[in-house]
Amino acid sequence: MNQEHKKELMMGNEAIAHGLIENGCSVATAYPGTPSSEILSAVAAYRRRYGLNTLHVQWATNEKVAFEIAYAGGIAGLRTAVAMKQVGLNVASDPLMSAAYMGTMGGFVIISADDPGPHSSQTEQDSRMMAMMAKIPVLDPSSPREAKEMVALAYGLSETFETPVMIRPTTRVCHSRQDVQPEGVLPAPQKPNFKKDPPRWAATPKFRYQLHLELEAKLAKIADYAPTAPIFRNLGRNPDAQGKRAVIASGVAAAYTEEALKTLGLWDILPFYQVRQPFPLHTAFIENILSQYETVLVLEETTGIIEMQLADRHRVRGKQERTVPCVGELLPETVERLVAEFSGRAARLPESVAVRGRRPTLCAGCPHRASFFAIKKAAPRGIYTSDIGCYTLGMNLNAVDTVLCMGAAISQAAGFYHAYRHAEKPPDIVATIGDSTFFHAGIPALIDAVHQNVRFVLVILDNLTTAMTGSQPTPATSIGINTESLVPVDLESVVNGCGVKFLEVGDPYALADFTALVKQAVAFSRENGPAVVIARHPCILDRSRSESAHTAVTITITDQCDGCGFCLQHFECPALISVDEGSRTQVDPLVCSGCGVCISVCPKGAIVEEK
């Protein structure tokens, strides 16, 4: 397809997706996670737009599975890609390390979206560190347009050296928008041709040693690969001109640095280099910088990967000697201040001041709110372990005590049980986990809990979607990302298959009945081992489901309300607001979803349905 394409305003994730289909990607997989979630959705949309019926696109159960599916296509000679967020890369780290040793035949691109800040993550870890540990090259885009262009660069690099290649966009690249020029889509994908080679693809430790030697040789060549070399950005300057100082930046910090240099009037004075491949850093570039400049300022998020490879603490101003902040994003005003201080100029942009905002809360009508209220009623002095999802906001309701990582709600519940098992009166333990997260990482933990006869209650918050990241399907869904029919996995059968002896399903909207069900599960768990309750009600925001159309009721608050604040403190629905200086509560009709759960919450009976 060679037709002319007009420029399009694309989100960074959309630009990356278009880069994949422009470059003949045959298999694209992912597990949703902000800021990466839109990449696979955009690939699926472009698949439909361009009629790319041979392109396989799928959400996987977790990042490890997604990685392994795409990698198999890569060693069969196809161009493939897998996308995830930075903490998802932790889940995929096992195959990542081995894939680096074994390499690939077709182009295999790993897109790991980092979240400096962090804005929506447990950590602000730097995926470039993981690439460094795995010994694979990583590319660092500074804008949506460059992110798209780097897909072609990554595939070329991957196929030239038969190695996986990582592209590491950050939140500001993933979610910003820019005019991007779409290119023609490759007319046909490559044909798979897996060549059996057990010493490579099924290598034993002896052969892995040889593969490691070969990998180190690849890295030395990649550090001399001209297409990914750093760029001298101030083209008006002579790169060989004598100067004592220079600035080096990568990722979105490079875009901010260019702005800052122009704003400060330094564009024609201070040499500026953009590093596109932070690892391995080009050998000739290192030699050039250390021989030409007395002092260099290195700006990168989030870890000092570049300065680590420059390996000269006396010349480098960066994170290691605390010139550059080690925590959080490098915002434009921060970059301008750092460049100004480095060059002896006055910064023009004031540093941003943190503004206190309203804390996030579950949506009005969210079924999780009712589930948490029931859990507190059933186990009022319990320990509440939870997991990664929008239901993490149960901490606002004092129904979440721990959040570690995907699947840890169940394992930590077991850990608390073992910690308290010899106590005179051990506390009740209730774990909460979402349906998608349960499929992702909860199943092995539940099997272990059954095997160890751990006494706790697991509440699976089943809203029939992956709500927090944009309502992507779960393995229990019968429709895939391409609207194709899939075989749904029955959640109850999976739980039963883990060996659980107590399993009940309830609707948290029926608050009284659901509370009784959780109490029954708590009583069972005290003597008999793990009990599982599935709290099933569709996400209030998932309009794709007909069953989410709950018969709404109109709520009103009678004069019996005395402003005690119980509903506000223990239920925290954003549709309930305090008025008249706290003397009474009122319903905000613009926010209220009409779920009617709050009728059962008020101890005074002041919240009623308006007939």
Treating [X] as the side-chain partner and [Y] as the backbone partner, does any N or O pair qualify as donor plus acceptor under 3.5 Å?
X	Y	value
Gln86	Thr123	yes
Glu307	Gln320	yes
Arg47	Asn53	yes
Gln309	Ile305	yes
Asn463	Cys539	no

Measure the shortest side-chain to side-chain distance between [X] and [Y] over non-hydrogen atoms and say whether it is less than 4.5 angstrom.
X	Y	value
Asn234	Asp268	no
Tyr50	Leu55	no
Tyr256	Leu299	no
Glu258	Leu261	no
Ile388	Gln122	yes
His282	Thr228	yes

If you look only at pairs with a residue in [range], which of them pass as a ring pair (Phe, Tyr, Trp, His ring centres under 6.0 Å), with sequence neighbours excluded?
range	result
residues 296-319	none
residues 72-98	none
residues 140-172	Phe161-Tyr225

Donor-acceptor contacts, no H, no angles, side chain residues 93-107, under 3.5 Å, sequence neighbours left out:
| unit_1 | atom_1 | unit_2 | atom_2 | d |
| --- | --- | --- | --- | --- |
| Ser93 | OG | Asn90 | O | 2.8 |
| Ser98 | OG | Arg208 | NH1 | 3.1 |
| Tyr101 | OH | His212 | ND1 | 3.2 |
| Thr104 | OG1 | Gly74 | O | 3.0 |
| Thr104 | OG1 | Gly106 | O | 2.8 |

On a heavy-atom basis, which atom in [X] and which in [Y] lie closest, and how many Å separate them?
X	Y	result
Cys405	Asp387	O-OD1, 3.0 Å
Leu446	Ile410	N-CG2, 3.8 Å
Thr302	Arg128	N-NH2, 3.9 Å
Lys218	Glu162	NZ-O, 2.8 Å
Ile167	Ala154	CD1-CB, 3.9 Å
Gln277	Leu139	CB-CD2, 3.9 Å

[X] [atom1] to [Y] [atom2] distance, which is reported to the nearest 0.5 Å:
X	Y	atom1	atom2	value
Leu40	Leu20	CG	CG	9.5 Å
Thr474	Trp59	OG1	CH2	13.0 Å
Leu338	Thr323	CG	OG1	8.0 Å
Leu281	Phe279	CG	CZ	10.0 Å

Who passes side chain to side chain donor-acceptor pair (under 3.5 Å) against [X], sequence neighbours left out?
X	value
Thr170	none
Gln472	Thr469
Asn23	none
Ser142	Glu146

Are a donor atom and an acceptor atom from the side chains of Glu183 and His18 found within less than 3.5 Å of each other? no
Donor-acceptor pair between Thr466 and Tyr31 side chains, under 3.5 angstrom: no
Validation: residues 108-117 side-chain donor-acceptor distances under 3.5 Å, sequence neighbours left out:
| unit_1 | atom_1 | unit_2 | atom_2 | d |
| --- | --- | --- | --- | --- |
| Ser112 | OG | Ser127 | OG | 2.7 |
| Asp114 | OD1 | Ser127 | OG | 2.5 |
| Asp114 | OD2 | Ser127 | N | 2.8 |
| Asp114 | OD2 | Arg168 | NH1 | 2.9 |
| Asp115 | OD1 | His119 | N | 3.2 |
| Asp115 | OD1 | Thr171 | OG1 | 2.8 |
| Asp115 | OD2 | His119 | N | 3.0 |
| Asp115 | OD2 | Ser120 | N | 2.7 |
| Asp115 | OD2 | Ser121 | N | 3.4 |
| Asp115 | OD2 | Ser121 | OG | 2.7 |

Could you work out, with side chain to side chain contact (heavy atoms under 4.5 Å, CB included) as the rule, every residue matching [X], not counting sequence neighbours?
X	value
Pro488	Ser478
Ala131	Ile136, Val138, Met166
Asp179	Lys7, Leu9, Arg145

Between Glu63 and Lys85, does any NZ, NE, NH1 or NH2 come within less than 4.0 Å of an OD or OE carboxylate oxygen? no
Hey, are Arg79 and Glu159 close enough for a salt bridge, meaning a charged N less than 4.0 Å from a carboxylate O? yes
Using salt bridge (Lys or Arg N to Asp or Glu O under 4.0 Å), reason through Lys148 and Glu8 one step at a time and then give a plain yes or no. CA-CA 12 Å; Lys148 183 183 84 72; Glu8 295 182 25; over 6 Å; no
Relative to each other, are the rings of Phe194 and Trp201 parallel, tilted or perpendicular (30° and 60° limits)? tilted
When you look at Lys64 and Glu68, which way does the salt bridge (Lys or Arg N to Asp or Glu O under 4.0 Å) test go after all the steps? CA-CA 6 Å; Lys64 180 178 185 291; Glu68 291 159 352; 2.7 Å; yes
Should the heavy atoms of other residues, nucleotides or ligands under 6.0 Å from [atom1] of [X] be counted, would the total exceed 12?
X	atom1	value
Asp312	CG	yes
Met308	CE	yes
Lys262	NZ	yes

